[in-house]
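Below you'll find the structure, written out as structure tokens, and then a few comments.
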Amino acid sequence: MALVLASGSRIRAELMKNAGLNFETDPSDVDERAVEQPLLEANFPPEDLASVLAEAKANDVSGRRPADLVVGADQILAFEGERRTKPEDMEAARRQLLAFSGKVHELHSSVVISRNGEAIWRNVSTARLKMRELSPAYVGHYLANAGDSVLSSVGAYQLEGLGVQLFEKIDGDYFTILGLPMLPLLAELRTLGVIET
């Protein structure tokens, strides 16, 4: 039985590798926008949206690899009652960061473990992040220095790098912010006998 990460995310793989986990990556083929559209129309809360998407990814890969334990993950950013997605370009990133300036947004990160095409465990963790007041000039300098890598982040920042300079206060787990709640995941892998207790 292999442990499989159903994601092509560099940071999620890095977090699992740094934790000493022996795993394979097999990214899901799930069309996230198609899965979430009816949920958005039904006004599902963001944490439920993250959980459904993580489960869809885990189940997709688990269907191809029924004997393995498959880890799926997803993250939803909620700001002033709206879900935000990854910015399409640097201008969208600039607008988003200026909108976040001086305000709080939430990151809801879900992790699911599936076996035989069905979820056997799930967890959602939430972090609340307050950005400091940002001037348009500072946002421009930040984006120029951070580069296009910000477009791979739902918030247009990467907390593990220059993005940490954008914040005034953070309530929540570091791993939740990076998109994979590691502590509950590791606890469940111990329970399942995948790693040492």
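Quick note: numbers below take in every heavy atom, side chains included, and nothing from hydrogens, waters or symmetry partners.
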- [ ] Could you tell me which residues satisfy ring-ring contact (aromatic ring centres under 6.0 Å, His included) with F167, sequence neighbours excluded, listed by chain and number?
- [x] Y157
Task: Non-neighbouring partners of R64 that pass side chain to side chain contact (heavy atoms under 4.5 Å, CB included), sequence neighbours left out - done: D26, D29, D60, V61
Open item on the list: I'd like to check the salt bridge (Lys or Arg N to Asp or Glu O under 4.0 Å) partners of R12; sequence neighbours left out, ordered by chain and number.
Closed with: none
Task: V164: side chain to side chain contact (heavy atoms under 4.5 Å, CB included) partners, not counting sequence neighbours - done: L159
- [ ] Kindly write out the residues that satisfy side chain to side chain contact (heavy atoms under 4.5 Å, CB included) with R115, not counting sequence neighbours, or none if the list is empty.
- [x] M1, L69, I120
- [ ] Can you sort out the partners of K17 under salt bridge (Lys or Arg N to Asp or Glu O under 4.0 Å), two or more places apart, ordered by chain and number?
- [x] none
Open item on the list: Which residues pass the side chain to side chain contact (heavy atoms under 4.5 Å, CB included) test with T197, not counting sequence neighbours?
Closed with: R190
Open item on the list: Restricting to salt bridge (Lys or Arg N to Asp or Glu O under 4.0 Å), what partner residues turn up for E88, sequence neighbours left out?
Closed with: none
- [ ] Could you list all the ring pair (Phe, Tyr, Trp, His ring centres under 6.0 Å) pairs where at least one residue sits in residues 171-195, not counting sequence neighbours?
- [x] none
- [ ] Among residues two or more places apart or on two chains, list those pairs meeting ring pair (Phe, Tyr, Trp, His ring centres under 6.0 Å) that have a residue in residues 59-86.
- [x] F79-F100
Counting only pairs under 3.5 Å, give me each side-chain donor-acceptor contact of residues 41-48, with atom names and distances, residues two or more places apart or in other chains.
{"unit_1": "E41", "atom_1": "OE2", "unit_2": "Q37", "atom_2": "NE2", "d": "3.1"}

Open item on the list: Among residues at least two apart in sequence or on other chains, which ones pass salt bridge (Lys or Arg N to Asp or Glu O under 4.0 Å) with D89?
Closed with: none
